[in-house]
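Everything below concerns the one structure shown next.
Keep in mind it's a predicted model, so treat the numbers as computed, not measured.
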Amino acid sequence: MGYNVAIDGPAGAGKSTIAKLVAKEKGYIYVDTGAMYRGLAIHFLKKGVDPEDKKAVAEACKDAEVTIGYENGIQQIYLNGENVTGMLRTEEVGNMASKTSAIPEVRNKLLDLQHSLAKEKDVIMDGRDIGTNILPDADVKIYLTASVETRAKRRFDELKEKGEDCSLEEISKDIRERDERDMTREIAPLRKAEDAVLVDSSNMTIPEVVDAICSYCR
């Protein structure tokens, strides 16, 4: 059995950044479940699927194969054999993933892959429902959060650094809407597991967050 660390939390809390650094520090395999949902979201966008049409989304899942690979220790996402890692972080893909991730057929498509990785390897996995749903028996559970203002400013700075035109107000609005969607969805809503440790990174540096989470891991 693998040693499993689950990190949950809202959009923009820095889960992926932190999980990657903890994985490097501890020698775990990092599994970015959000990237897997984004990989499927790219498939839906390519096919022009309406995210509100659940039947169309479920049907589109049938000819999509999302797999994970690693290059120099960095996770790569493949959609039907094509490396789509470079396309994952756009707002369009993120919104499509958020709207479709609660649909049962989408979740089932990826669940087997996530379970088999966790069973075989020492993994750190981040997402919205890892500790509550995907890995309920994880050895360590963390709920990583930050204020909406902090998360929006981080995203704004990240996009500006890439030279993208963006609005702090629009990003804040998107984050609030995504939080609402994630927390109120019928299937596996975002919530803190009862046995999870709460880490609020609003006033913490990245190294401080990494140290805090590493202190709970073996």
Side-chain angles (χ1 to χ4, degrees), residues 1-41 64-79 81 83-86 88-89 94 97 101 106-146 154 182 187-201 204-218:
M1 284 294 288
Y3 182 82
N4 298 165
V5 178
I7 299 184
D8 291 309
K15 299 184 298 294
S16 298
T17 300
I18 298 301
K20 284 175 194 168
L21 292 169
V22 173
K24 192 174 181 182
E25 180 79 19
K26 292 289 186 178
Y28 306 147
I29 285 176
Y30 166 58
V31 181
D32 179 354
T33 59
M36 297 164 82
Y37 283 105
R38 284 169 180 258
L40 265 185
E65 197 57 50
V66 175
T67 53
I68 287 179
Y70 291 89
E71 291 177 15
N72 301 319
I74 296 169
Q75 179 180 281
Q76 306 292 313
I77 296 290
Y78 296 87
L79 171 64
N83 190 331
V84 294
T85 309
L88 297 176
R89 296 295 163 190
S101 61
V106 173
R107 305 190 72 76
N108 292 339
K109 186 86 184 175
L110 300 174
L111 206 53
D112 287 347
L113 178 57
Q114 292 161 358
H115 281 158
S116 63
L117 282 166
K119 193 176 285 187
E120 295 162 11
K121 312 280 186 183
D122 293 344
V123 302
I124 182 164
M125 204 177 280
D126 73 293
R128 302 287 193 277
D129 65 334
I130 309 302
T132 54
N133 189 53
I134 294 172
L135 299 178
D137 298 320
D139 300 275
V140 176
K141 297 179 187 179
I142 304 291
Y143 189 86
L144 180 63
T145 190
R154 287 174 184 167
D182 290 341
I187 297 171
L190 168 66
R191 62 180 175 82
K192 177 183 171 291
E194 286 182 15
D195 53 347
V197 177
L198 176 67
V199 177
D200 187 327
S201 69
M204 296 171 75
T205 64
I206 288 174
E208 284 172 344
V209 179
V210 171
D211 286 348
I213 292 175
C214 281
S215 71
Y216 295 105
C217 304
R218 74 173 187 199

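- Between the side chain of Y70 and the backbone N or O of Y30, at least one donor-acceptor pair lies under 3.5 Å.
- Taking all atoms of both residues into account, the shortest heavy-atom contact from T33 to G127 is OG1-CA, 3.5 Å.
- Under a 3.5 Å cut-off, the side chain of K109 and the backbone N or O of A64 do form a donor-acceptor pair.
- For the pair R128 (side chain) and P189 (backbone), a donor-acceptor distance under 3.5 Å is absent.
- Under a 3.5 Å cut-off, the side chain of K141 and the backbone N or O of L135 do not form any donor-acceptor pair.
- The CG atom of L144 sits 9.5 Å away from the OG1 atom of T17 when rounded to the nearest 0.5 Å.
- Side-chain atoms of T85 come within 3.5 Å of backbone N or O of I77 as a donor-acceptor pair.
- Open room surrounds CD1 on I206; 12 or fewer heavy atoms of other groups in view lie less than 6.0 Å from it.
- Taking both residues in full, the closest heavy atoms of K192 and V197 are given as CE-C, 4.5 Å, listed atom of the first, atom of the second, then distance.
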Query raised in the report: Can you check side-chain contact (heavy atoms from CB on, under 4.5 Å) on N83 and Y78, steps first, answer last?
Result: CA-CA 4 Å; N83 190 331; Y78 296 87; 3.6 Å; yes
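- For the pair L190 and P10, the tightest heavy-atom approach, listed with the atom from each and the gap, is CD2-CA, 3.7 Å.
- If you take OG on S116 and CD1 on I68, they are separated by 9.0 Å, rounding to the nearest 0.5 Å.
- A donor-acceptor pair under 3.5 Å is formed between the side chain of Q75 and the backbone N or O of D32.
- Under 3.5 Å, the side chains of S201 and R154 contain a donor-acceptor pair of N or O atoms.
- More than 12 heavy atoms of other residues, nucleotides or ligands sit less than 6.0 Å from atom CD of E208.
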Query - Audit row: L117, I29, side-chain contact (heavy atoms from CB on, under 4.5 Å) steps and yes/no - result: CA-CA 9 Å; L117 282 166; I29 285 176; 5.5 Å; no
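- For the atom pair D122 CG and C217 SG, the distance stands at 11.0 Å (nearest 0.5 Å).
- Between L88 and R38 the shortest heavy-atom distance is O-NH1, 2.7 Å.
- One finds the CG atom of L198 at 8.5 Å from the OH atom of Y143 (value rounded to the nearest 0.5 Å).
- Side-chain atoms of Y3 come within 3.5 Å of backbone N or O of R218 as a donor-acceptor pair.
- If you take CD1 on I213 and CG on D211, they are separated by 10.0 Å, rounding to the nearest 0.5 Å.
- Residues S101 and V106 share a closest heavy-atom pair of CA-CG1, 4.2 Å.
- No option in L111, T67, L110 other than L110 meets the side-chain contact (heavy atoms from CB on, under 4.5 Å) test with M36.
- K15 places a side-chain N or O within donor-acceptor distance of the main-chain N or O of G9, the cut-off being under 3.5 Å.
- A pairwise comparison of heavy atoms in G39 and V66 identifies C-CG2, 4.3 Å as the closest pair.
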Query raised in the report: side-chain contact (heavy atoms from CB on, under 4.5 Å) between V31 and K121: does it pass, once the steps are laid out?
Result: CA-CA 10 Å; V31 181; K121 312 280 186 183; over 6 Å; no
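- Under 4.0 Å is where a charged nitrogen must lie from a carboxylate oxygen, and between D139 and K26 no such pair does.
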**Report entry** Derivation of the side-chain contact (heavy atoms from CB on, under 4.5 Å) call for V22 and V5
**Finding:** CA-CA 10 Å; V22 173; V5 178; 5.7 Å; no
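- Distance CD1/I7 to CE/M125: 11.5 Å, rounded to 0.5 Å.
- D8 places a side-chain N or O within donor-acceptor distance of the main-chain N or O of I130, the cut-off being under 3.5 Å.
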